[in-house]
Amino acid sequence: MNDDEQAAGKRLSGARLWHKDAVIYQLHVKSFYDADGDGVGDFCGLTGKLDYIASLGVNTIWLLPFYPSPRRDDGYDISDYRDVSPEYGSIADFQAFVDAAHARQIRVIIELVVNHTSDEHPWFQRARRAPVGSPERDYYVWSDTDDKFSETRIIFVDTEKSNWSWDPVAQAYYWHRFYSHQPDLNYRNPDVVNELLVTMNFWLAKGVDGFRLDAIPHLVEREHTDNENLPETHALLKHVRANLEAKHPEVILLAEANLWQEEAREYFGDGDECHMAFHFPLMPRMFMALAKQSAKPIKTILRQTSSIPDDCQWAIFLRNHDELTLEMVTESERNFLWETYAADKRARLNLGIRRRLSPLMDQDRRRIELLHMLLFSLPGSPVLYYGDEIGMGDNIDLGDRDGVRTPMQWSDHQNAGFSTASPHKLALPIISDPQFSYAAINVADQQGDPHSLLNWMKQMLRLRRRHEAVSRGSLRFVKTDNECVLSYLRAFGDDIVLCAANLSETPQAVRLALPGLEGYVPVELCGGASFPAVGRENYPLTFQPYAYFWFAMRR
Ligand code: NOJ
């Protein structure tokens, strides 16, 4: 067996289009479970919790960066792409984790921070000392002045004033789209492209199933452009994909491109770039729909989303490890969302809100369920952020985005059952706000409570698994006579699921236009009750505040 065959052997066999049915659980090794008691989560700890993850009904894990790093951007500042940070374990621990995940039919997506490295990376240390014009120097993007590429926006507006920083060793400015300690790699240099492929092969040999490509719109620069989404960047991605496709056609690329849907769609190419891309504009519109008690924001954005190549899939999400970004809304929408969800200005960061889902919903179980019901039934593969399945809180007193990355709350034992270290040694402090404390919110309690949020999530994911219409089906919005109600049909062959949700805080009645479904009987999925058959008239439904239905339509 050659290396590629060996790598393929480590992977799960079967469906090439697995990403279409993926339900992704996103987590930070650092904050998940600490097996060796040093206060920092690790791969051994994560492996020990795989049965828990499998019990949720997810089938894919997305790991935040776990590479050696000075961690000034929590690991998105990598100093070695081909190792595991010693705090989190060893390569052998990583391998054991991947194998154990696969044994449970769970796939693993890892981060590929393609755009930039840490300034501590040996490539940068070498580059700054290398002669001007040498291949080593050209691993990064240099300039004698800081006014080149002046049309390029700044992303981390709260901390950075320029995309250029002066390096006294190189006696030149280097380019960076994010923090100044994260110099951008220069993909015009073929050696850098090769390094990327070598890194991918390194992890492919360990059996990983996918790569999340961080910040890909910014990979290549050209003067007199805004340096985003350049044709050169797309060409590079096609090259990466072709390399992957040749030997590992079942491994996927997930694009992190925080863009309007039409630009993000470009990252699918003609099915020859990324397999998946996050749908950034949908996310704030789910929050908007709830705040405005109107189906319109969701309907409008999805109607404006054109179809994607057959083999591709959107990744959809409510929350993640970053601020809830409000870049893909208008300025007035952003102000409205800030006023509604982040009246306390400490919760605002850059152009977003650094809070978890449950505090954003004032711990209102009805609204938390409603948003997840949408997440689990709108087109795309849902991404669930660790801790949100139990309604974990956040800590806005912590810096940057740390407040949404605190340790998982496993039980009401010391350190929330996350670690046996003394509390001051923990990677991040456990949530102490009494409303969200681990005494009140933890996995162990919720596992034992049939009515818990955790058990509700499991049930919804179980139901979702039974209906390919929800993961792969078409979407058709249902005409209603009530703007507060969002209703849509998902259909895949004979499998038809009708979804309806009351986005309002008051009870509502609605009539649904269901042409072509006369005679069908809506069977409510959670309880199995049959509702009256659809007749010639529009179909009447009534809802409690924030209530929702999932129906299987039976002939
Ligand atoms: C996007 C990541 O999600 C974010 O956490 C990080 O700070 C930036 N990319 C820079 O790597």
Side-chain angles (χ1 to χ4, degrees), residues 24 26-31 62-81 85 109-121 123-124 140-141 152-160 163 165 174-185 187 196 199 210-219 227-229 233 253-259 264 267 274 276-280 283-284 315-328 349-356 383-386 394 398-406 427-428:
I24 303 173
Q26 179 197 359
L27 65 89
H28 210 333
V29 177
K30 163 182 104 170
S31 296
W62 156 25
L63 297 175
L64 288 170
F66 51 77
Y67 312 94
S69 157
R71 286 240 312 267
R72 294 172 70 194
D73 183 12
D74 209 7
Y76 282 95
D77 47 333
I78 294 175
S79 55
D80 182 353
Y81 284 91
S85 169
I109 296 178
I110 63 169
E111 287 277 347
L112 207 55
V113 185
V114 248
N115 182 64
H116 47 266
T117 69
S118 158
D119 58 3
E120 291 185 22
H121 197 292
W123 296 339
F124 187 73
Y140 295 86
V141 181
T152 311
R153 73 186 168 112
I154 291 169
I155 296 170
F156 284 166
V157 287
D158 285 0
T159 31
E160 299 299 331
N163 287 315
S165 283
Y174 61 91
W175 181 247
H176 57 85
R177 292 307 307 275
F178 295 91
Y179 286 122
S180 57
H181 56 77
Q182 289 166 315
D184 275 32
L185 285 162
Y187 282 98
L196 171 62
T199 298
F211 299 98
R212 171 191 181 268
L213 303 180
D214 186 64
I216 47 167
H218 319 290
L219 297 186
N227 284 319
E228 301 195 5
N229 316 312
T233 292
L253 301 173
L254 163 57
E256 194 234 2
N258 186 355
L259 298 169
Y267 286 88
C274 297
M276 301 186 81
F278 291 103
H279 199 309
F280 275 96
M283 181 275 294
I316 61 175
F317 61 102
L318 293 165
R319 290 298 300 113
N320 61 22
H321 63 296
D322 285 328
E323 68 273 29
L324 186 164
T325 168
L326 300 176
E327 277 168 279
M328 294 304 126
L349 179 72
N350 300 318
L351 294 183
I353 303 173
R354 50 195 199 106
R355 303 224 67 174
R356 268 189 181 265
V383 183
L384 189 59
Y385 186 51
Y386 85 93
D394 54 33
L398 297 178
D400 203 345
R401 291 147 290 176
D402 281 350
V404 299
R405 301 175 184 181
T406 62
L428 285 170

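Counting starts at 1 for both ligands and their atoms, following the listed order. Remember, predicted model here, so these are calculated numbers, not experimental data.
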Those atoms of ligand 1 less than 4.0 Å from some heavy atom in [X]:
X      : result
Glu256 : 1 (C), 3 (O)
Phe156 : 7 (O)
Arg401 : 4 (C), 5 (O), 6 (C), 7 (O)

What pair of heavy atoms forms the shortest contact from Glu111 to Arg212, and how long is it?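 Shortest heavy-atom contact: OE1-NH1, 2.7 Å.
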For Trp123, is there any backbone N or O sitting under 3.5 Å from a side-chain donor or acceptor partner on Tyr140?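 Not confirmed, Tyr140 side chain does not pair with Trp123 backbone.
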Closer than 3.5 angstrom, by distance alone: can the side chain of Tyr187 be matched with the main-chain N or O of Asn115 as a donor-acceptor pair?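 Not confirmed, Tyr187 side chain does not pair with Asn115 backbone.
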For [atom], which protein heavy atom lies nearest, and how many Å away is it?
atom                   : answer
atom 9 (N) of ligand 1 : Asp214 OD1, 3.0 Å
atom 6 (C) of ligand 1 : Asp73 OD2, 3.4 Å
atom 3 (O) of ligand 1 : Asp322 OD2, 2.5 Å

Verify the distance criterion only: is there a donor paired with an acceptor across the side chains of Asp73 and Gln182 at less than 3.5 Å?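 Yes, side-chain donor-acceptor contact under 3.5 Å.
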Given the side-chain rings of Phe156 and His176, with only the six-membered ring counted for Trp, is the space between their centroids under 6.0 Å?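 Distance test on ring centres: not under 6.0 Å, no.
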Quick check, are the ring centers of Tyr76 and Tyr179 under 6.0 angstrom apart?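 No, the ring centres sit 6.0 Å or more apart.
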Side chain, backbone, both or neither: the part of Phe278 lying under 4.0 Å from ligand 1 by heavy atom: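 Under 4.0 Å from ligand 1, Phe278 contributes no heavy atoms.
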Answer with side chain, backbone, both or neither: which part of Arg212 has a heavy atom less than 4.0 angstrom from an atom of ligand 1?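 Under 4.0 Å from ligand 1, Arg212 contributes side-chain atoms alone.
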Is the shortest distance from a heavy atom of His116 to ligand 1 less than 4.0 Å?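 It does; at least one heavy atom falls under 4.0 Å.
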Check Lys30 with Asp74, please: is the shortest side-chain N to carboxylate O separation under 4.0 Å?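 Salt bridge: yes.
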